[in-house]
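What follows is a short report on a single structure.
First the proteins, then the strands, lettered A, B, ... as listed; each starts at 1. These numbers come from a predicted model, not from an experiment.
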Amino acid sequence: MKLYNTRSRTKEEFVPLQEDQLRLYACGPTVYNYFHIGNARAFLFFDVVRRYFEYIGYKVTYVQNITDIDDKIIEQATEENQDFQEVAQKYAAAFLEDCAHLGIGAPTHQPRATQVMPEIIALIKKLVDTNHAYEVDGDVYFATTSLPEYGQLSGKKIDEQKTGARVAENMSKRHPADFTLWKASKPNEPFWSSPWGDGRPGWHTECVVMSQNYLGESFDIHGGGIDLVFPHHENENAQAMALSGKPLARYWMHNGFLNIDGEKMSKSLKNFFTARDILDEYDAEAIRFFFLSKHYRSPIDFTRELIVESDKAVDNFYKALEAFELDSLNVKEIRCPECLRLEEDFRSCMDDDFNTARAIAILFDLTRLAKNSESSAENRLDAARMLLKLGKVLGFFQHPETRLSKQMPDLSKALIELMLSYRTQARAEKNWAKSDQIRDDLKALGIEIKDGPTGSTWDQRN
RNA sequence: GGCGACAUAGCCAAGCGGUAAGGCAGAGGUCUGCAAAAUCUCCAUCCCCGGUUCAAAUCCGGGUGUCGCCUCCA
């Protein structure tokens, strides 16, 4: 298993801290708004990382934070004329809903920042006590100059950074790169009591606390979007290094950005679609396919046309599956040698820094095998089984029954079958006008008739 | 100014020194009363210029173009 480690900028052989166990942390949202389709890429990707490790036999402990106190939440609360907690609650609930809708499995632990306030304060206190942090008028800053390794993760040399150009200089800081650990509260702002007075945590510390709480002081993989490398992850790592001398995580994985028409999407540029909006319009599996069809580290350009294409592609998987009874597909043992070989290929793709694009190509190989009329019935069935099995590793086919069985009341089905029988009769009588009328009328209702050598079947089309 | 990524068919996209996966679209065949569906087949020499090598989309040098980070951000 090789994966690209941001820290070293190379693919490295993955060696877990403990055999067959993965301790994984991926940054979750700050809940001040609905998350957008770009965020969805990160959540979806690390969902696949988790699924794949489980598939190859790891016991995975997956932790994802929900940051529910932050300047932006306070701003949003002012805007919505609500308490910051109500805002955080609302968007945290929406986050969970949207993730479920996207087919993202629940993390093992999903702590919230406000639940670990004593631990956050204790951590900052330790940093102050060891001279890695200092207080100025109720604010506490991390002293980046106290840590020789600062900048290592992101490959930045702090002295070479442009300072003062786009960042207002903060005269209380000893060094421009120093970052806020604790922020004194202004009147009417939420606060927690601390040794430095009333205030709230800055960004970064909550992730250190929440990850270490569940995963230990140094764990296997830490992930998130590429933009988090600096400053967020650099600053998280700095705190961990300062405390224990060990990096927070040994492997750092970062997914590339999503662009809209070639331009960066971001909350501040306001050119974003929420995942919620896109989910209203398109199938979750189409969105998953769209993301996984490109390597996770590359930038990806979002267009509606590509989602539509993806949806058609996913359709082909289901067309291969629907020839078989669902119960017969869930058998564990698969014997067809070609299928087993493809499973090995699938693993070697995924073992190569999660090459999901190649992995998907293998799903299509299986699709073709499952439909190949020249191979034996057993082999076709096995191919469909393998397709289902490997597709699930990528998070597809979580509820195949809903897509495979036509989702409509039995009465409607019976009526369609009835119309179909009338048409079959008309065709037997060579009454083409009548049979074509039935076909066209049903099509207008979204029911497509497919004539085959063994008779006519129907499908619901959207 | 510092650091980094990318450039493959109409579109999306793999490829990591041995002669271009896969998907969408398109073309053709079979099937069909016709159509659809299904199925089979076909469809690129890899931004440009040099170099290394028996061999390069893949390595090196130089261009050109696009994008990102250095500021809240997945």
Query raised in the report: Between the side chains of Asp220(A) and Tyr25(A), does any donor sit under 3.5 Å from an acceptor?
Result: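 Result is no, nothing qualifies.
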
Does [X] make a side-chain donor-acceptor contact with the base of [N], cut-off 3.5 Å?
X	N	result
Asn431(A)	G33(B)	no
Asp451(A)	A35(B)	yes
Ser435(A)	G33(B)	yes
Arg439(A)	C34(B)	yes

Query raised in the report: In terms of side-chain geometry, is the basic nitrogen of Arg439(A) or Asp436(A) positioned less than 4.0 Å from the acidic oxygen of its partner?
Result: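 Salt bridge present between Arg439(A) and Asp436(A).
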
Query raised in the report: Would you call the rings of Phe14(A) and Phe53(A) parallel, tilted or perpendicular, where under 30° means parallel and over 60° means perpendicular?
Result: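 Taking Phe53(A) first and then Phe14(A), their aromatic rings stand perpendicular (interplane angle over 60°).
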
Requested in this report: For C67(B), give its Watson-Crick or G-U wobble partner with both distances under 3.5 Å, or none.
Outcome: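 The base-pairing partner of C67(B), which may sit in any strand shown, is G4(B).
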
Query raised in the report: Is there a Watson-Crick or G-U wobble partner for G26(B) with both distances under 3.5 Å, and if so, which one is it?
Result: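 Because both required distances fall under 3.5 Å, G26(B) counts as paired with C42(B).
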
Using the side-chain heavy atoms of [X], tell me which of these nucleotides is nearest: [options].
X	options	value
His295(A)	A14(B), A74(B), G22(B)	A14(B)
Arg368(A)	A74(B), G23(B), C70(B)	G23(B)
Asn316(A)	A25(B), G23(B), A74(B)	G23(B)

Requested in this report: Would you mind telling me which residue lines up with the more 5' stretch of RNA chain B, Lys371(A) or Arg423(A), judged by nearest nucleotide?
Outcome: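 Its nearest nucleotide lies further toward 5', so the answer is Arg423(A).
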
Requested in this report: Assign each of Ser310(A) and Asp436(A) to its nearest nucleotide of RNA chain B by heavy atoms, then name whichever residue's nucleotide is nearer the 5' end.
Outcome: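 Counting from the 5' end, the first nearest nucleotide belongs to Ser310(A).
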
Query raised in the report: Is the aromatic ring centre of Trp432(A) closer than 5.5 Å to the centre of the six-membered base ring of G33(B), with the two planes inclined by less than 30°?
Result: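 Given the distance and angle limits, yes, they stack.
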
Side-chain N or O of [X] less than 4.0 angstrom from OP1 or OP2 on [N]?
X	N	answer
Lys294(A)	A14(B)	no
Lys319(A)	A38(B)	yes
Arg427(A)	A35(B)	no
Asn355(A)	G15(B)	yes

Query raised in the report: To the nearest Å, how far apart are Lys450(A) NZ and C34(B) P?
Result: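 That distance rounds to 20 Å.
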
